[in-house]
Amino acid sequence: MPSWSAQVRVTVGLVTVLAMVGSVFAQRPRDSVLLEIGFGGEIVANRWNPLRLTVRDQPNAVLEIVMDQGSLRQGEVPMIYRAVIGGGTGTTVFEDDIFVPAWRQLSWTVSRAGAVLASGSLSSRERDERLLNLLVTRQPGAWRGLFDPDDRVTEVAAPALPGRAASYNGVNSLLVDGTAAAPRTTSVAAAAAAGTTVRLVPELPPSHRDLELLAPPGVHRLGAGWLIRADPAAPQAFEIGRTLLATDLLTILDDTTTVAVPPHIPQMFVMVAAAVYAILMLVMVRFFGTPGILAALSLTLLVSLASWRALRPAAALIETSFHLELASGDLAYRLGLRKILTLPAGPVTVGAAVRPDLPRTITITPDATEFSLPRWHQATLIDRPRVVPASLVWNGALLENRSALSFPLVVVKGLGPQPELHPGQTLIPRPGEDQELPSTLRTVLNRVPVGSAVAVRDSHLFVAFPDAVLAAAARLW
């Protein structure tokens with residue numbers, strides 16, 4: 001019979017083996033994958049949302065997100081996002097921005113070599129289109145009173161704030177009170193430029209010194225949004241209507257942007273030509289017999305070939321694009337819209353991540369978008385918003401052109417048309433004479449505050465918002 005010490009050794013050995021086996025089974029493949037969409041798990045439907053995928057020891061994994069936008073009547077209308085995650089052993093972090101439509105069912109998988117590493121899904125009951133209000137603080141309860149009970153308020157860690165403008169497409173406000181770690185300056189600037197109202201408390205700790213340089217005390221515009229370094233409860237009147245910038249102006253561009261369709265031959269011309277051709281064929285067959293028939297066939301072939309070459313469009317796809325830049329300070333928020341007309345049916349590939357204005361079956365990658373269209377069908381696509389250097393800005397009371405283009409038509413709301421503005425040139429706006437303006441320009445002027453400058457150049461439209469002080473003075477114009 002084994003001794004007591006031998007029994008102890010056997011027991012310890014068994015426990016060790018079981019612990020090792022348990023750790024092996026605990027390390028499932030799904031534990032090596034972490035997918036995050038939105039901020040803190042909060043996704044805003046019908047907006048661009050940040051995406052972050054962390055993969056451990058899984059090189060060449062494939063992320064696929066299927067968002068069904070269909071209905072019982074339409075059936076499935078999937079929008080598919082697909083990305084190949086490179087890297088090798090160790091931890092790989094992949095970040096991007098993804099447009100999430102009003103889904104009926106959202107599912108995702110991460111696979112490698114045909115094997116599913118992790119998966120998940122969301123139903124339509126978890127869909128929410130309300131904008132987010134982000135708090136970077138250790139004391140969230142102190143600030144929740146600023147928001148209505150129906151507002152979506154969520155806490156977010158400073159390192160989780162991305163530096164891409166599209167990530168904040170679904171964010172209404174960002175509050176930083178200095179009690180938590182300091183966010184990156186690029187993240188705060190991207191949020192403000194994308195139209196978010198950024199609130200900073202007046203007295204920030206030394207760790208937030210970079211934010212003090214970005215946002216001096218007071219109320220300031222940056223890009224399409226605001227940087228407010230004051231009592232966060234005070235400046236409600238300075239908030240920009242996010243719906244106005246994100247949807248209303250794009251709707252204006254959609255209504256006024258048209259595709260240059262190839263000219264059609266008048267119907268009367270076709271009927272007259274067909275009648276003349278028929279009479280000519282009858283005469284040749286009636287009076288010339290077999291040679292007439294051969295001549296008629298030859299003439300038919302020549303006319304068909306000449307008509308095909310003369311009327312053939314220059315390209316199978318016709319694309320028209322329009323860009324809008326909303327600027328203040330040194331940054332501008334750029335929105336883009338493009339319309340595509342297919343002449344023959346077939347696949348369409350766009351070399352950028354875009355979203356359709358209407359539900360359609362489409363595949364999106366970080367760098368391209370693919371879908372199919374029937375013949376003579378039009379599709380409207382909206383580019384992923386981004387931040388660019390401002391082209392038209394207010395520099396105090398001066399209006400400055402920082403681009404390499406001339407602006408032949410410049411209008412300041414409240415003062416009227418201004419002289420042509422050349423690259424690098426500045427001007428002091430003066431009351432101008434009334435003149436007939438393009439319909440797009442008139443509609444945009446009705447949607448921007450007094451003191452805003454709007455310039456048009458080809459298919460580009462530039463809006464320079466006035467700063468808070470200039471906006472107050474503009475009310476006197």
Side-chain angles (χ1 to χ4, degrees), residues 195 221 223-224 240-241 243-264 318-328 332-341 354 357 378-383 385-386 388-394 398-466 470-471 474-475 477:
R221 284 189 183 269
I240 295 178
T243 304
L244 166 69
L245 299 183
T247 59
D248 195 23
L249 292 181
L250 279 178
T251 301
I252 295 171
L253 299 184
D254 189 12
D255 293 340
T256 57
T257 303
T258 58
V259 179
V261 180
H264 296 278
I318 300 176
E319 179 177 336
T320 300
S321 61
F322 200 99
H323 294 93
L324 170 67
E325 292 187 12
L326 308 172
S328 183
Y333 187 53
R334 182 168 185 173
L335 303 170
L337 181 144
R338 63 183 80 191
K339 290 190 176 182
I340 294 178
L341 174 67
V354 298
D357 66 329
Q378 181 175 293
T380 300
L381 306 173
I382 300 173
D383 293 345
R386 56 195 181 98
V388 297
S391 298
L392 180 70
V393 295
W394 285 103
L398 296 176
L399 188 61
E400 182 179 356
N401 180 1
R402 296 183 180 178
S403 72
L405 303 173
S406 294
F407 298 146
L409 180 57
V410 180
V411 180
V412 176
K413 185 172 183 178
L415 292 178
Q418 304 297 315
E420 181 175 357
L421 196 58
H422 298 285
Q425 185 180 1
T426 61
L427 64 83
I428 299 177
R430 305 292 184 188
E433 298 181 0
D434 293 336
Q435 67 181 55
E436 186 65 23
L437 300 175
S439 59
T440 303
L441 184 56
R442 292 199 310 269
T443 309
V444 171
L445 285 170
N446 291 333
R447 302 300 198 279
V448 297
V450 175
S452 299
V454 183
V456 179
R457 171 74 188 207
D458 299 329
S459 60
H460 297 267
L461 194 147
F462 305 86
V463 178
F465 291 117
L470 186 60
R475 295 186 180 93
W477 293 349

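Only heavy atoms go into these numbers, but all of them, side chains included; no hydrogens, no water, no symmetry mates. Residues take their numbers from the sequence shown, with the count starting at 1.
Counting heavy atoms from C-beta outward, Gln418 and Leu415 have side chains that approach closer than 4.5 Å. The shortest side-chain heavy-atom distance between Phe322 and Thr320 does not fall under the 4.5 Å cut-off.
Among residues two or more places apart in sequence or in another chain, the salt bridge (charged side-chain N to carboxylate O under 4.0 Å, His left out) test is passed with Arg457 by none. Residues that satisfy the side-chain contact (heavy atoms from CB on, under 4.5 Å) test with Pro423, not counting sequence neighbours, are Asn401, Ser406. Residues forming a side-chain contact (heavy atoms from CB on, under 4.5 Å) with Ala332 (at least two apart in sequence, or on another chain): Glu325, Ala327, Val388, Ala390. Looking at residues two or more places apart in sequence or on another chain, you find no side chain to side chain donor-acceptor pair (under 3.5 Å) involving Ser459.
Rounded to the nearest 0.5 angstrom, Thr443 OG1 and Leu437 CG are separated by 10.5 Å. To the nearest 0.5 Å, atoms CG (Leu381) and CD (Glu319) are separated by 8.0 Å. Here the OG atom belonging to Ser321 is positioned 10.5 Å from the CG atom belonging to Asp458, to the nearest 0.5 angstrom. Here CG of Leu441 is found 9.5 Å from CG of Asn446. Values are rounded to the nearest 0.5 Å. Interatomic distance, Ser452 OG to Arg447 CZ, rounded to the nearest 0.5 Å: 13.5 Å. Distance CZ/Arg338 to CD1/Ile382: 11.5 Å, rounded to 0.5 Å.
Residue pairs meeting the ring-ring contact (aromatic ring centres under 6.0 Å, His included) criterion with at least one partner in residues 435-459, sequence neighbours excluded, do not occur; the list is empty. Screening residues 400-440 for ring-ring contact (aromatic ring centres under 6.0 Å, His included) gives Phe407-Phe462 as the qualifying pairs, with residues at least two apart or on separate chains.
For the pairing with Leu337, the side chain to side chain contact (heavy atoms under 4.5 Å, CB included) check across Asp357, Thr380, Asp383 returns one residue only, Thr380.
Distance alone, capped at 3.5 Å, places no donor-acceptor pair between the Arg386 side chain and the Arg334 backbone.
What you find for Pro385 and Tyr333 is that their closest heavy atoms are CB-OH, 3.2 Å. When all heavy atoms of Leu399 and Ala464 are compared, the pair lying nearest together is CD1-CB, 4.4 Å. The two residues Ala453 and Val412 make their nearest non-hydrogen contact at CB-CG2, 4.1 Å. Between Pro408 and Glu420 the shortest heavy-atom distance is CA-CG, 3.6 Å. The nearest pair of heavy atoms linking Val410 to Ala455 is CG2-CB, 4.1 Å. Minimum interatomic distance between Pro449 and Phe465 (heavy atoms only, all atoms of both residues): CD-CE2, 3.8 Å.
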